[in-house]
Amino acid sequence: QVQLVESGGGLVQPGGSLRLSCAASGRTFNWYVMGWFRQAPGKEREFVAALKWSGDSTYYADSVKGRSTISRDYAKNTVYLQMNSLKPEDTAVYYCAAVQGTGWPTRAYEYDYWGQGTQVTVSS
């Protein structure tokens, strides 16, 4: 059974940085797309970034492009989201997600597996 466990959230000042981690287990993730989403209070869950577990392809939402980097560590079976130049509007619960496939899914319903989320708060 696939398990995704996020960590690394917290309170950070505007302009600061955070690195979120997603520890994945339960199977090998070749041919999987690993994604990060976020959900602010009263808003829909929105796509942030994704990568293909096998290879170097990545994809970003316009809202974080240039400020965030998604990466993975094969040895640790972990996906990371490095976020820089954080803004108050980045405040949300951040979720890790996974789905087997070859495209670039950007909608929450397209993903099969989810973590429990980690809170990111950007405030002075």
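Basis for what follows: all heavy atoms, side chains included, without hydrogens, waters or symmetry-related copies.
Two residues are said to be in side-chain contact when any heavy atoms from C-beta on lie closer than 4.5 Å; V33 and Y59 fail this criterion.
Atoms OG and CG, on S68 and L86 in that order, are 7.0 Å from each other to the nearest 0.5 Å. The line from CG of L18 to OG1 of T118 is 8.5 Å long, rounded to the nearest 0.5 Å. Taking OG of S21 as the reference point, atom CD of Q82 lies at 9.5 Å (rounded to 0.5 Å). Atom-to-atom distance recorded for M83:CE and R19:CZ is 12.0 Å, nearest 0.5 angstrom. From W36, atom CH2 reaches atom CG of L20 across 4.5 Å, with rounding to the nearest 0.5 Å. Note that CH2 of W31 and NZ of K52 are 9.5 Å apart. Values are rounded to the nearest 0.5 Å.
No donor-acceptor pair closer than 3.5 Å links the side chain of K76 to the backbone N or O of A23. The backbone N or O of G35 sits nowhere less than 3.5 Å from a side-chain atom of Y95 that would complete a donor-acceptor pair. Using a distance-only test at 3.5 Å, with no hydrogens or angles considered, no donor-acceptor pair links the side chain of Q1 to the main chain of G26. Without hydrogens or angle criteria, T91 side chain to V122 main chain gives a donor-acceptor distance under 3.5 Å. Between the side chain of E6 and the backbone N or O of G117, at least one donor-acceptor pair lies under 3.5 Å. Side chain of N77 to main chain of S25: no donor-acceptor pair is present (N/O by atom type, distance under 3.5 Å, no hydrogens or angles).
Considering only residues two or more places apart in sequence or on other chains, E110 meets the salt bridge (Lys or Arg N to Asp or Glu O under 4.0 Å) condition with none of them.
Cluster membership check: Y80 does not share its hydrophobic cluster with Y111, using side-chain heavy-atom separations under 4.5 Å among Ile, Leu, Val, Met, Phe, Trp and Tyr. Side-chain heavy atoms closer than 4.5 Å link hydrophobic residues (I, L, V, M, F, W, Y) into clusters, and following such links, even through other members, never connects V93 to V48. Hydrophobic clustering of Ile, Leu, Val, Met, Phe, Trp and Tyr side chains at less than 4.5 Å, counting indirect connections, unites W104 with V99. Following chains of ILVMFWY side-chain contacts shorter than 4.5 Å, one can reach Y74 starting from L81, so the two form part of one hydrophobic cluster.
Residue-environment remark: CD (E89) exceeds the threshold of 12 foreign heavy atoms within 6.0 Å. Atom CD of Q3 sits in a sparse spot, with 12 or fewer heavy atoms from other residues, nucleotides or ligands closer than 6.0 Å. More than 12 heavy atoms of other residues, nucleotides or ligands lie within 6.0 Å of OH in Y60, so this atom counts as buried by the packing criterion.
Here the closest heavy-atom approach between residue S124 and residue P14 is recorded as N-CD, 3.7 Å. The two residues R67 and S85 have their closest heavy-atom pair at NH1-O, 3.0 Å.
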Open item on the list: Set out, in order, the CA-CA distance, both residues' side-chain angles and the distance that settles side-chain contact (heavy atoms from CB on, under 4.5 Å) for R38 and V64, then state yes or no.
Closed with: CA-CA 11 Å; R38 65 187 183 186; V64 302; 4.0 Å; yes
Task: Chi angles and distances behind the side-chain contact (heavy atoms from CB on, under 4.5 Å) call for W114, L4 - done: CA-CA 6 Å; W114 291 88; L4 304 173; 5.5 Å; no
TODO: Please step through side-chain contact (heavy atoms from CB on, under 4.5 Å) for the pair Y32 and R27, ending with a clear verdict.
DONE: CA-CA 11 Å; Y32 270 72; R27 66 181 58 190; 2.7 Å; yes
- [ ] Apply side-chain contact (heavy atoms from CB on, under 4.5 Å) to S123 and L11, showing your working.
- [x] CA-CA 7 Å; S123 174; L11 173 64; 4.2 Å; yes
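Using cut-offs of 30° and 60° for the angle between ring planes, the F47 and F37 rings count as perpendicular.
With respect to D90 and K87, no salt bridge is recorded, no charged nitrogen being found less than 4.0 Å from a carboxylate O.
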